[in-house]
Engineer: 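Have a look at this one.
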Amino acid sequence: MALSDRSRESLLPSFLYASSSARSFAATPSRLSVPVPAPAPAAAGAGGGVPFTIQAPKEKIELYSPAFYAACTAGGIASCGLTHMAVTPLDLVKCNMQIDPAKYKSISSGFGVLLKEQGARGFFRGWVPTLLGYSAQGACKFGFYEFFKKYYSDIAGPEYAQKYKTLIYLAGSASAEVIADVALCPFEAVKVRVQTQPGFARGLSDGLPKFVRSEGALGLYKGLVPLWGRQIPYTMMKFASFETIVELIYKHAVPVPKSECSKLTQLGISFAGGYIAGVFCAIVSHPADNLVSFLNNAKGATVGDAVKKFGLWGLFTRGLPIRIVMIGTLTGAQWGIYDAFKVMVGLPTTGGVTPAPAEAKLKASA
């Protein structure tokens, strides 16, 4: 039986494609836009009906419009929330290795201890605060990064935006992460307590009120400064190195321009660039990650207590191998999902060879 016309409409969020007459913003000549080709007609199914397909959007999303930032925010939610939830078992072992290295001596023995004491279900303890917290963080991280990157580029002007593009990536990502961590911090505090103190709570629903009763609402933000110390360098490295790596791949490893590459190839490059960037991210942010785990696990603990327990060398190395594996995979998957979402709504993938500004070209030809 043929599906109704309504059931064949795009499954993409309708607010991204409101008709141009209903939009509250008007297109300007200086605003870039990305045209989206109309989908090819689908072949009839075996029963004479039209097979179910997700149609491409019939309208275009204008770059740097409200719909553009909404799409980037939605992509960030899918990117960060799903990937962090998927690696909950690795994160669980990593946190326990940081807090109790005598018991959790290695990755393999850590999984063995958890399996013996808590069963297979224990591997996903704390998945709800992980999913919600990192979804909120991803929304702010990617949405505000695109906003601040454009904002700082406009302040610098075309020539200086090209000349100092890495500084713009760093400033934009740092600004976005300051906001993102305020959204993440309460969930991260509950997550660490649930994962490292068996019996504290089953998850977010009972863990959050118990945490607040114990340490007050402000206790949820006790780890905010160390979280900034972990996440801001991580995010600066994540975005700046990714943009640079992807540009180098397109410039030196791909024989054709990005515009001539298939979408699958572009997404593969996004994943590869993200994985390499993730390795750098793990190394730079690891000392602060140890601090966050320690402070959120022990009531009344201070940074000084953490340094005494870990030692400087331990702050940089304890749990680092598993975090490199986790963050490399995580970051590669995040960029892959984020750019796949952008492609799905008709936007270009992130990064590539940046064309020289018109002013610079004129000077070079003079």
Side-chain angles (χ1 to χ4, degrees), residues 77-138 184-211 220 223 226-227 230-231 234 271 274-275 278-279 281-282 285-286 288-298 310 314 317-337:
I77 291 172
S79 168
C80 292
L82 295 177
T83 51
H84 275 276
M85 184 185 70
V87 297
T88 297
L90 273 175
D91 188 42
L92 187 60
V93 173
K94 184 263 302 178
C95 286
N96 281 285
M97 286 175 67
Q98 292 169 329
I99 298 303
D100 192 355
K103 184 177 181 180
Y104 297 86
K105 295 181 173 66
S106 65
I107 299 173
S108 56
S109 68
F111 276 112
V113 170
L114 285 173
L115 183 62
K116 182 179 178 180
E117 294 186 352
Q118 302 175 35
R121 292 182 62 184
F123 288 141
F124 280 90
R125 194 169 74 247
W127 72 270
V128 174
T130 298
L131 174 63
L132 297 181
Y134 283 94
S135 292
Q137 187 214 34
L184 169 64
C185 195
F187 297 97
E188 182 75 358
V190 176
K191 175 188 81 76
V192 171
R193 191 67 62 89
V194 167
Q195 290 181 336
T196 58
Q197 292 187 10
F200 171 75
R202 294 188 305 274
L204 182 66
S205 59
D206 58 336
L208 179 60
K210 190 172 182 179
F211 193 108
L220 292 169
L227 188 62
R230 180 187 80 183
Q231 290 298 131
Y234 165 87
F271 176 81
Y275 196 98
V279 174
C281 292
S285 61
H286 193 64
D289 184 62
N290 275 322
L291 287 176
V292 170
S293 295
F294 181 82
L295 292 175
N296 285 327
N297 178 67
F310 286 100
T317 59
R318 184 179 293 181
L320 181 59
I322 189 173
R323 193 156 185 268
I324 286 176
V325 174
M326 185 182 84
I327 297 299
T329 307
L330 195 72
T331 309
Q334 283 178 355
W335 279 113
I337 292 171

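Values in this document were obtained by computation on a predicted structure and should not be read as measured data. For the numbers below, each heavy atom of this structure counts, side chains included, while hydrogens, waters and symmetry mates do not.
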Engineer: Atom CG of Leu220 and atom CZ of Phe187: how far apart are they, to the nearest 0.5 Å?
Structural biologist: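 Answer for the CG-CZ pair, Leu220 versus Phe187, is 9.5 Å.
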Engineer: Passes side-chain contact (heavy atoms from CB on, under 4.5 Å), Phe200 versus Phe211? Steps please.
Structural biologist: CA-CA 9 Å; Phe200 171 75; Phe211 193 108; 4.3 Å; yes
Engineer: Quick one, Thr88 with Leu131, criterion side-chain contact (heavy atoms from CB on, under 4.5 Å). Give me CA distance, side-chain angles, the key distance, then yes/no.
Structural biologist: CA-CA 9 Å; Thr88 297; Leu131 174 63; over 6 Å; no
Engineer: Tell me the closest heavy-atom pair linking Thr329 and Val325, and the distance in Å.
Structural biologist: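 Taking Thr329 first and Val325 second, the nearest heavy atoms are OG1-O, 2.8 Å.
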Engineer: If I compare all heavy atoms of Pro226 with all of Ala288, which pair ends up nearest, and what's the gap?
Structural biologist: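 Scanning both residues completely, I find the closest heavy atoms to be O-CB, 3.7 Å.
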Engineer: Ser135 versus Met85: any side-chain heavy-atom pair under 4.5 Å?
Structural biologist: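 No; the side chains remain at least 4.5 Å from each other.
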Engineer: Considering all heavy atoms of both residues, which atom of Ser285 and which atom of Arg230 are nearest to each other, and what is their separation?
Structural biologist: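 For Ser285 versus Arg230, the nearest heavy atoms are CB-O, 3.0 Å.
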Engineer: Kindly indicate whether the side chain of Lys103, heavy atoms from C-beta on, has any atom under 4.5 Å from the side chain of Glu117.
Structural biologist: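 Of all side-chain heavy-atom pairs linking Glu117 with Lys103, at least one is under 4.5 Å.
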Engineer: Measuring from Leu330:CG to Cys80:SG, what's the distance to the nearest 0.5 Å?
Structural biologist: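 Those atoms lie 7.5 Å apart.
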Engineer: Roughly how far, to the nearest 0.5 Å, is OG1 of Thr130 from CG of Leu82?
Structural biologist: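 Reported value, rounded in 0.5 Å steps: 12.5 Å.
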Engineer: Determine whether Phe111 and Leu90 satisfy the following criterion, side-chain contact (heavy atoms from CB on, under 4.5 Å), listing intermediate values before the conclusion.
Structural biologist: CA-CA 9 Å; Phe111 276 112; Leu90 273 175; 4.1 Å; yes
Engineer: Are the side chain of Thr331 and the backbone of Gly328 linked by a donor-acceptor contact shorter than 3.5 Å?
Structural biologist: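 Flag not set: sc Thr331 to bb Gly328 has no pair under 3.5 Å.
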Engineer: State the OG1-NZ distance between Thr196 and Lys94, to the nearest 0.5 angstrom.
Structural biologist: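 It is 10.5 Å, given to the nearest 0.5 Å.
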Engineer: Taking His286 for the side chain and Arg318 for the main chain, is one N or O donor matched with an acceptor at less than 3.5 Å?
Structural biologist: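 Here the side-chain-to-backbone pair exists.
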Engineer: What are the two closest heavy atoms between Tyr104 and Leu114, and how far apart are they?
Structural biologist: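 Shortest heavy-atom contact: OH-CD2, 3.9 Å.
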Engineer: Can you tell me if Asn96 uses its side chain to pair, donor with acceptor, with the backbone of Leu92 under 3.5 Å?
Structural biologist: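 Yes, Asn96 side chain to Leu92 backbone: donor-acceptor pair under 3.5 Å.
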Engineer: Can you tell if the side chain of Val113 reaches within under 4.5 Å of the side chain of Lys116, non-hydrogen atoms only?
Structural biologist: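 Val113 vs Lys116: side chains apart.
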Engineer: Step by step, would you call Asp91 with Met326 a side-chain contact (heavy atoms from CB on, under 4.5 Å)?
Structural biologist: CA-CA 8 Å; Asp91 188 42; Met326 185 182 84; 3.9 Å; yes
Engineer: Does the side chain of Gln137 reach to within under 4.5 Å of the side chain of Gln231, using non-hydrogen atoms?
Structural biologist: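 Touching, per the 4.5 Å side-chain cut-off.
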Engineer: Minimum heavy-atom separation for Cys281 to Ile327, with atom names?
Structural biologist: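 Closest pair (atom of Cys281, atom of Ile327, distance): CB-CG2, 4.1 Å.
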Engineer: Has Asp206 got a side-chain atom pairing as donor or acceptor with Gly203's backbone, closer than 3.5 angstrom?
Structural biologist: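 Flag set: sc Asp206 to bb Gly203 pair under 3.5 Å.
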Engineer: Report the distance from atom OH of Tyr134 to atom CD1 of Ile77, rounding to the nearest 0.5 Å.
Structural biologist: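 Those atoms lie 16.0 Å apart.
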Engineer: Heavy atoms only: give me the nearest Ile107-Val93 pair and the separation to one decimal.
Structural biologist: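 Taking Ile107 first and Val93 second, the nearest heavy atoms are O-CG1, 4.1 Å.
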